[in-house]
Amino acid sequence: MNPLKFSNDRPLDIIAVGRLCIDLNANETNRPMEETSTFTKYVGGSPANIAIGSARLGQKTGFIGKVADDQMGRFITQYLEKNNINTDGVTIDKTGAVTGLAFTEIKSPDECSILMYRDNAADLKLYPSEVSEDYIKQSKALLISGTALAASPSREAVFVALEYAVKHDVTVFFDLDYRPYTWTDEAETAVYYNLAAEKCDVIIGTREEFDMMEKLLNIKESDDHYTASRWFSHRAEIVVIKHGGAGSIAYTKDGGSYRSGIFRTNVLKTFGAGDSYASAFIYGLMTGHDVSEAMKMGSASASIVISRHSCSDAMPTEQELTEHMDTAIYETV
Ligand SMILES: Nc1ncnc2c1ncn2[C@@H]1O[C@H](COP(=O)(O)OP(=O)(O)O)[C@@H](O)[C@H]1O
Ligand SMILES: O=C(O)C[C@@H](O)[C@H](O)C(=O)COP(=O)(O)O
């Protein structure tokens with residue numbers, strides 16, 4: 001069952017909105033960052049990773065974001081273009097803002113953490129005037145990412161993008177992507193997450209991210225079914241709650257619920273799971289698969305990416321994804 005209907009007469013499949021950053025992943029693993037000395041540089045930023053994953057799967061992908069006017073900004077834009085991502089919506093900051101950095105440490109396969117440097121980040125300086133209605137209406141879908149709501153003018157830019165998407169029947173996917181270090185106030189965070197979610201067709205988040213949104217309203221159940229039901233009185237058709245190694249569960253507005261297991265893999269690091277899951281899940285839904293199969297595709301992509309060192313570089317091609325689904329062990333949970 002797939003409740004989504006896409007406007008198929010559009011030149012782009014999906015446009016992602018939000019941060020374009022740099023991941024610096026520690027090369028020395030099984031130790032804290034204090035004991036590492038070398039890092040590998042990759043393009044990063046949750047929406048960037050999802051866009052790269054979508055393009056790697058063969059989707060016609062665009063991006064709306066802002067990069068720093070320096071070597072890192074150019075590295076990012078060139079990488080997107082090498083991956084066949086349309087960068088017409090990417091603007092260059094002229095205020096001296098810098099590229100957000102995500103330093104990652106891999107203490108063990110299950111103990112990974114991310115240290116984010118986001119002061120004066122160029123991605124949060126995207127202005128509403130830099131969001132093009134003509135660009136958005138060329139796409140079947142729009143992906144927004146919660147961290148872009150963390151500060152103005154990026155916050156307002158996201159809401160303008162949402163208005164254009166709703167106006168032009170562009171299906172909106174919301175990956176919650178909650179990064180506490182990017183916010184200063186829990187209530188502010190929850191208010192903007194809830195306001196944005198009201199305008200989205202598909203909402204994807206972890207249990208903890210939904211708990212953050214519900215805490216403001218003194219909702220303490222931490223119940224997946226209740227969480228999903230909250231959004232069906234708005235635009236949502238599908239709500240997905242991710243549970244790490246315990247898989248994921250999705251609910252649809254028509255009362256359906258679908259549980260997905262995981263693909264067994266040699267976990268190198270756990271970060272990257274969410275972005276890869278989102279890109280392949282969205283791809284599955286946009287290529288006519290039902291919710292269950294799309295979730296399985298998301299799980300397969302995640303199991304590939306968490307077995308590799310990077311997030312963006314590790315995103316699988318359509319062939320890799322299909323082969324992995326045929327050969328890897330799928331565990332129902
Ligand atoms: N250890 C694991 N082994 C296999 N698949 C995993 C593992 N951890 C996560 N996944 C897959 O990745 C998906 C997203 O992971 P999760 O950690 O919930 O999201 P996020 O990275 O956004 O926190 C899960 O629903 C599951 O399909
Ligand atoms: O989103 C960021 O700024 C960091 C990402 O680039 C990084 O690869 C990561 O943390 C991915 O996290 P996840 O996919 O949400 O687990």
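We count ligands from 1, going down the list as the structure has it; atoms in each ligand are counted the same way. Below, each value reflects all heavy atoms present in this structure, side chains not excepted, and no hydrogens, waters or symmetry copies.
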Exercise for the section: May I ask you to check whether W183 and Y193 place their ring centres under 6.0 Å from each other? Expected result: yes
Handout entry: Qualifying residue for side-chain contact (heavy atoms from CB on, under 4.5 Å) with L80, from T61, T87, V67
Key = T87
Practice task
Return a yes/no value for I262: is any of its N or O atoms, backbone included, closer than 3.5 angstrom to an N or O of ligand 1?
Solution key: no
Handout entry: Salt-bridge contact E198-R235 (side-chain N to carboxylate O under 4.0 Å)
Key = no
Practice task
Would you check if the side chain of N83 reaches a backbone N or O of I85 as a donor-acceptor pair within less than 3.5 Å?
Solution key: no
Practice task
Could you verify whether a donor N or O on one side chain and an acceptor N or O on the other, from E318 and Y283, lie under 3.5 Å apart?
Solution key: yes
Completion exercise
Taking only non-hydrogen atoms of S248 and a 4.0 Å limit, the atoms of ligand 1 in range are 25 (O)
Problem - Residues E28 and T38: side-chain donor-acceptor under 3.5 angstrom - result: yes
Problem - Closest to atom 13 (C) of ligand 1 among Y178, F281, Y277 (heavy-atom distance) - result: Y277
Handout entry: S299, portion touching ligand 1 at heavy-atom distance under 4.0 Å
Key = both
Practice task
Can you label the angle between the F39 ring and the F103 ring as parallel, tilted or perpendicular, going by 30° and 60°?
Solution key: perpendicular
Exercise for the section: Please identify which atoms of ligand 2 are closer than 4.0 Å to at least one heavy atom of G272. Expected result: 11 (C), 12 (O), 13 (P), 14 (O), 16 (O)
Handout entry: Identity and distance of the protein heavy atom lying nearest atom 26 (C) of ligand 1
Key = G244 O, 3.4 Å
Practice task
Please indicate whether any nitrogen or oxygen in G261 is less than 3.5 Å from any nitrogen or oxygen in ligand 1.
Solution key: no
Practice task
Taking atom types as modelled, find out whether D177 and T147 have a side-chain donor-acceptor pair closer than 3.5 angstrom.
Solution key: yes
Handout entry: ligand 1 to F263 polar contact by distance, N or O atoms, under 3.5 Å
Key = no
Problem - C21 heavy atom under 4.0 Å from ligand 2 - result: no
Practice task
Could you tell me whether R264 approaches ligand 1 through its side chain, its backbone, both or neither, with non-hydrogen atoms closer than 4.0 Å?
Solution key: neither
Exercise for the section: Using a strict cut-off of 4.0 Å, indicate which atoms of ligand 2 neighbour a heavy atom of R19. Expected result: 1 (O), 2 (C), 3 (O)
Exercise for the section: Any atoms of ligand 2 less than 4.0 Å from a non-hydrogen atom of G44? List them with their elements. Expected result: 6 (O)
Fill in the blank from the handout: Any heavy atom of I306 under 4.0 Å from ligand 1? The part involved is side chain
Handout entry: Numbering as shown, the atoms of ligand 2 that approach S46 to under 4.0 Å (heavy-atom distance)
Key = 1 (O), 2 (C)
Completion exercise
for atom 10 (O) of ligand 2, nearest protein heavy atom and its distance come out as I114 CD1, 2.7 Å
Problem - Shortest protein contact, atom 22 (O) of ligand 1 (heavy atom only) - result: K242 NZ, 2.8 Å
Practice task
Output the list of atoms in ligand 1 that are nearer than 4.0 Å to some heavy atom of H243, sorted by atom number.
Solution key: 18 (O)
Fill in the blank from the handout: When distances are taken from atom 25 (O) of ligand 1, the protein heavy atom at minimum range is G247 O, 3.1 Å
Completion exercise
re atom 11 (C) of ligand 1, the protein heavy-atom contact at minimum distance is A302 CB, 3.6 Å
Fill in the blank from the handout: atom 8 (O) of ligand 2 has as its nearest protein heavy atom D23 OD2, 2.7 Å
Exercise for the section: Do me a favour and list the nearest non-hydrogen protein atom to atom 21 (O) of ligand 1 with residue, atom name and distance? Expected result: G274 N, 2.9 Å
Practice task
If you have a sec, work out which protein heavy atom is nearest atom 12 (O) of ligand 2 and how many Å separate them, to one decimal?
Solution key: R179 NH2, 3.2 Å
Exercise for the section: Please identify which atoms of ligand 1 are closer than 4.0 Å to at least one heavy atom of G245. Expected result: 7 (C), 8 (N), 9 (C)
Problem - Test side chain to side chain donor-acceptor pair (under 3.5 Å) applied to N194 and E214, H234, R230, the passing residue - result: R230
Handout entry: Nearest heavy atoms of R264 and E331, plus distance in Å
Key = NE-OE2, 2.6 Å
Exercise for the section: Could you tell me which atoms of ligand 2, counted from 1 in the order shown, lie closer than 4.0 angstrom to a heavy atom of A273? Expected result: 14 (O), 16 (O)
Exercise for the section: Decide whether N25 and T104 meet the rule of one side-chain donor and one side-chain acceptor closer than 3.5 Å. Expected result: yes
Exercise for the section: Quick one: look up the protein heavy atom nearest atom 15 (O) of ligand 1 and list residue, atom name and how far away it is. Expected result: A273 CB, 3.5 Å
Problem - ligand 1 versus F271: contacting region, heavy-atom distance under 4.0 Å - result: neither
Handout entry: Aromatic ring pairing Y277/F281, orientation class (parallel under 30°, perpendicular over 60°, tilted between)
Key = parallel
Problem - Geometric N/O contact S303 with ligand 1, under 3.5 angstrom - result: no
Completion exercise
Going by the 4.0 angstrom heavy-atom rule, the piece of N49 near ligand 2 is side chain
Exercise for the section: Could you tell me the residue and atom name of the protein heavy atom closest to atom 23 (O) of ligand 1, and the distance to it rounded to 0.1 Å? Expected result: T206 CG2, 3.4 Å
Problem - Distance from atom 1 (N) of ligand 1 to nearest protein heavy atom, with residue and atom - result: V267 CG2, 3.8 Å
Completion exercise
For C311, the atoms of ligand 2 under 4.0 Å from one of its heavy atoms are 8 (O)
